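In what follows, a structure is listed as structure tokens, so that the remarks can point back to it.
The analysis underlying the following values was restricted to heavy atoms, covering all of them including side chains, and did not include hydrogens, waters or symmetry mates. These numbers come from a predicted model, not from an experiment. Residue numbering restarts at 1 for every chain, and letters A, B, ... go by the order of the sequence lines.
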Amino acid sequence: MNKTEVEICNELDEKTYKTVLKNGLEVYICKKKDFKKKIGMFGTKYGSVINEFENIENNEKIKVPDGIAHFLEHKLFEQEGANALDLFSKLGISSNAYTTFDHTVYYFETIDKFNQGLELLIKLVKTPYFTDKNVAKEQGIIAQEIKMYDDDPSFSVYFNTLKAMYSKNPVRIDIAGTVESISHITKEYLYTCYNTFYSPQNMFIVIIGDVDIDKTIEIIEENLRIYEKDYDNKKEIKDVKKFFEEEPKEVTQKEITQKMDIYMPQLCIGYKLDVVKNKEIIKRSIICDIISDLYFSRITPFFEKEYNKGVLSDVVDFDYEGSASFSHVIISAYSTNIEELKKDLAAYLKEIKTKEIDNEMFELVKKKKIGETIKKADNLNVCYRRIIESSLNNYDVYEDVNILNNISKEDIKEFLSLLDEEKQVFSILTQK
Amino acid sequence: MINIYKINKEKFKSIYISVNFTMNVNREENSANALLASVLAKSSSKYNSQKEIEKYMASKYGASFDVNVEKYGDLYNIEFLVEGVNKEFLPNKEDITQDLISFLYDIIYNPNIKDGSFDETLVEREKEVILDKIRTKKDDKLRYGVLKMEEIMCQDEGFGMYVYGDEEIIQGITAKKLYDHYNKVINNSYITVIVSGNLKGYDGIEDVIRNKFETKNNSIPYSDLVYNSHKGTEQKKIKETFEESDTSQSVLSMGIRIKNSKIDDFYTLNLYNAILGATPSSKLFQNFREKESLAYTVRSRYYRFKDMIIIFAGIEKENYEKAKKVITKQITDIEEGNISDEEFNAAKESIIADLKEWDDSKIALSKMKISNILINNEKDVSVEDMIEKIKKVSKQDVIQISKNLEVEEIFLLGGGENE
């Protein structure tokens, strides 16, 4: 039986158990009573923005091609020529993997083959298999994936915003890299990244569903022992050294435009902010969520006015994105009258910084958030996103609810004051 | 009489209420429906703007409300829905469900009408919204490749019309005409109400809905609905259609017709589709993507109501001929009985897992219910029965049914380097 201490976090009638195993791996189990589906996820705190680091094999600084974290995700989810999706699928289990700026996750979803799924997931993540031939084959598939995104208007207008804000940080480059950059990826690079970032201390396992807690931890430990000979020995925990070229505070360009074979023009406004860490990241993210409702949703006079003018048909998204090396707000919307939208949004963003917050609206938004948080519990996918966020940013799983409840009007005003016009960029996508 | 179905699962925290108006449509009615749904979602005689509606929803602890439009084969469906938290979980056990039911009733039966007409300004604004939806149809290339194939395969049938309708027809609809159309929809639809979610403490919810809604007593009989009007014609040669597009990737879609199918063939056809291209173990994923590196996205989709299958893939234009060859080979392989036990079992497992998974989603449970009712002569089928029937399908059944399938159409949406 597992000796590690187990923390229990509570919300509504749900429990999430957290434990750190002997090898440093964090394990979270969120018990969802009576739900049929079980989700198992194995992730690493390594994503596309980390491309310069100290190689764990020889302690030398190394720079790797853009898009390698994502490439590694494709290649790791494969075994001696068989695609992992297929291996899971043969067991009647569905699976997938994704790469973000700061983490990579492999997961499966099943009804009644949880133990088998968990065993296979651990096996796949623990046994890399890279050859020159399978690397070459993947270059073809990923090139198609990159081109698919190139044709996606929302994706293009979004990445152009990042390009306009950042000059050094790799957040400015497509997570999948470019067709050119991935052509430089070799099996040697893949092993280096794998050995450096797929060590247990840098990883987490998240389980969602109606599973037996003790039994699950037992299976995890049993299977880790197969691949980690020294699992039971005490190890020194070492942080990987990562290097980021210093990112200037200024934006790279104020405005970026692109033309595509589309009908509906799109607009993104970005604000580059000073980097914050840990809990401050989730706090900013919750504040932006409230700002969305308070200033841009369908309950606002702004939306009503723009809708009636025919400028907006759908709400403006107001999102925060942050990690250890970047921090920004991205505001996105579409309109057939993109120039008018740009003008109105710019003026409105100035206006809300000085205007007092309406008490009644603020209370209404808070009430709305209470119900929305409860409704989220019905969606297993939301459950795991919350846990991963907390692991990446080092706070307790359900602390986000406390943060939300304590957000004041002053917090909102203070955040809005950070939206500096000097750090503002516009990305516009129009018809060819 | 209206049909009310309850799905009670106490693992959920909220309640989803869906009121469906289902009907056959011609080209004009198809467009008018899209506009009507959009107009009804924006005001009622009680809440006369979008802002008022959304504020009301926010005050009900962030309840959601929407009016969706969708197709079940040739049938057009307008769905009015609300979702709110069960009183058990709200501060002071505040019950919002009654209010949400009344709200939905007002949206449907008490619209904002003056002098026998909807508000003109509102209708003109919503026309723009719908026109934009039609004009942006091509912005998502893969989706467009599929939509275009649906259109080609189902010309002059309800399903072949874009759910948001036709530009010219939309432009011609006046606020007055739309109100006439509203009356037609309200009085000539097949009405289904589905309540799914945590119904603990809501034993009487069915009566509440019945008392409220049945005063209108106006569902048409099921027998008036025709969900597949396709008449098979002799088509010997595969037709190819091309369309220019200035993109880096091309989209190929292929339409397969299923001939002489019976309602219970659904299970065998589902399995056929899973083996062909609906899972990562499928022939298309394994060969088209993994072995030949021809695409990142390749999939096949089975249309239960329309007896057809559409294959779609994002490819390099120069690989068009090869892509056709590789797809055709997968289809012939199944016909010739070239299905391994592994492939067959994986397909079966995947379908069964999907069926079981519906149990975790209020929306999926509701959609499955209405889809079964519409296709099965108003008879509901339990998930357990569906699973049993899937289990009984044999490899021989799949091979047998593959002989009733015929590739009719291929569509290529431009892209790639200029030639």
Side chain to side chain contact (heavy atoms under 4.5 Å, CB included) assessment of B:Glu316 paired with A:Lys147: CA-CA 10 Å; B:Glu316 291 285 319; A:Lys147 287 187 180 179; 2.7 Å; yes
Verdict with reasoning, A:Ile374 to B:Leu90, per side chain to side chain contact (heavy atoms under 4.5 Å, CB included): CA-CA 9 Å; A:Ile374 300 169; B:Leu90 287 177; 4.1 Å; yes
Below 4.5 Å, heavy-atom pairs only: which of [options] has the largest tally toward chain B?
options                               : result
A:Lys33, A:Lys113, A:Lys366, A:Lys376 : A:Lys113
A:Asp34, A:Asp151, A:Leu380           : A:Asp151
A:Glu372, A:Lys369, A:Lys368          : A:Lys368
A:Met361, A:Met260, A:Lys32, A:Lys375 : A:Lys375

Is it the backbone or the side chain of [X] that comes under 4.5 Å from a heavy atom of chain B, or both, or neither?
X        : value
A:Tyr307 : both
A:Leu312 : backbone
A:Ser313 : both
A:Ile111 : side chain
A:Glu109 : side chain
A:Asp112 : side chain

Rounded to the nearest 0.5 Å, how far does [atom2] of [Y] lie from [atom1] of [X]?
X        : Y        : atom1 : atom2 : value
A:Tyr263 : B:Leu131 : OH    : CG    : 7.5 Å
A:Asp152 : B:Leu142 : CG    : CG    : 10.0 Å
B:Ser59  : A:Glu360 : OG    : CD    : 10.5 Å
B:Phe12  : A:Asn379 : CZ    : CG    : 10.0 Å
B:Lys11  : A:Lys36  : NZ    : NZ    : 5.0 Å
B:Asp140 : A:Ile262 : CG    : CD1   : 12.0 Å

I need the single residue from A:Leu364, A:Val315, A:Thr300, A:Ile299 that forms a side chain to side chain contact (heavy atoms under 4.5 Å, CB included) with B:Glu54. Which is it? A:Ile299
Within a reach of under 6.0 Å around [atom1] of [X], are more than 12 heavy atoms found that belong to other residues, nucleotides or ligands?
X        : atom1 : value
B:Glu167 : CD    : yes
A:Lys309 : NZ    : yes
B:Lys137 : NZ    : yes

Counting only non-hydrogen atoms closer than 4.5 Å, does [X] touch chain A with its backbone (N, CA, C, O), its side chain (CB onward), both, or neither?
X        : answer
B:Ser361 : neither
B:Leu294 : backbone
B:Asp360 : both
B:Ala347 : neither
B:Lys133 : neither
B:Ala295 : backbone
B:Ile315 : backbone
B:Lys55  : both

For the pair A:Asn83 and B:Phe285, evaluate side chain to side chain contact (heavy atoms under 4.5 Å, CB included) and give the outcome as yes or no after the intermediate values. CA-CA 10 Å; A:Asn83 186 301; B:Phe285 190 94; 3.9 Å; yes
Does the ring centre of B:Tyr296 sit less than 6.0 Å away from the ring centre of A:Tyr149? no
Given the options [options], which has more heavy-atom pairs under 4.5 Å with chain A than any of the others?
options                               : result
B:Arg135, B:Lys291, B:Met57           : B:Arg135
B:Ser350, B:Ser293, B:Ser281          : B:Ser281
B:Pro280, B:Ser282, B:Ala346          : B:Pro280
B:Lys348, B:Glu128, B:Glu342, B:Glu52 : B:Glu342

Taking the side chain as every heavy atom from C-beta outward, state whether B:Asp359 and A:Phe35 have any pair of such atoms under 4.5 Å apart. no
Between A:Glu304 and B:Gln50, do the side chains contain an N or O donor and an N or O acceptor separated by less than 3.5 Å? no
Between B:Lys13, B:Lys9, B:Lys362, which is the residue that forms a side chain to side chain donor-acceptor pair (under 3.5 Å) with A:Asp378? B:Lys362
Indicate yes or no: does A:Lys90 engage B:Glu349 in a salt bridge with an N to O separation below 4.0 Å. no
Trace of the side chain to side chain contact (heavy atoms under 4.5 Å, CB included) decision for A:Ile141 with B:Glu290: CA-CA 8 Å; A:Ile141 295 176; B:Glu290 293 295 306; 4.0 Å; yes
Shortest non-hydrogen separation from B:Lys141 to A:Asp261 and the atoms involved: NZ-O, 2.8 Å
Looking at B:Tyr61, does the NZ or CZ of A:Lys367 lie under 6.0 angstrom from its six-membered ring centre and within 45 degrees of the ring axis? yes
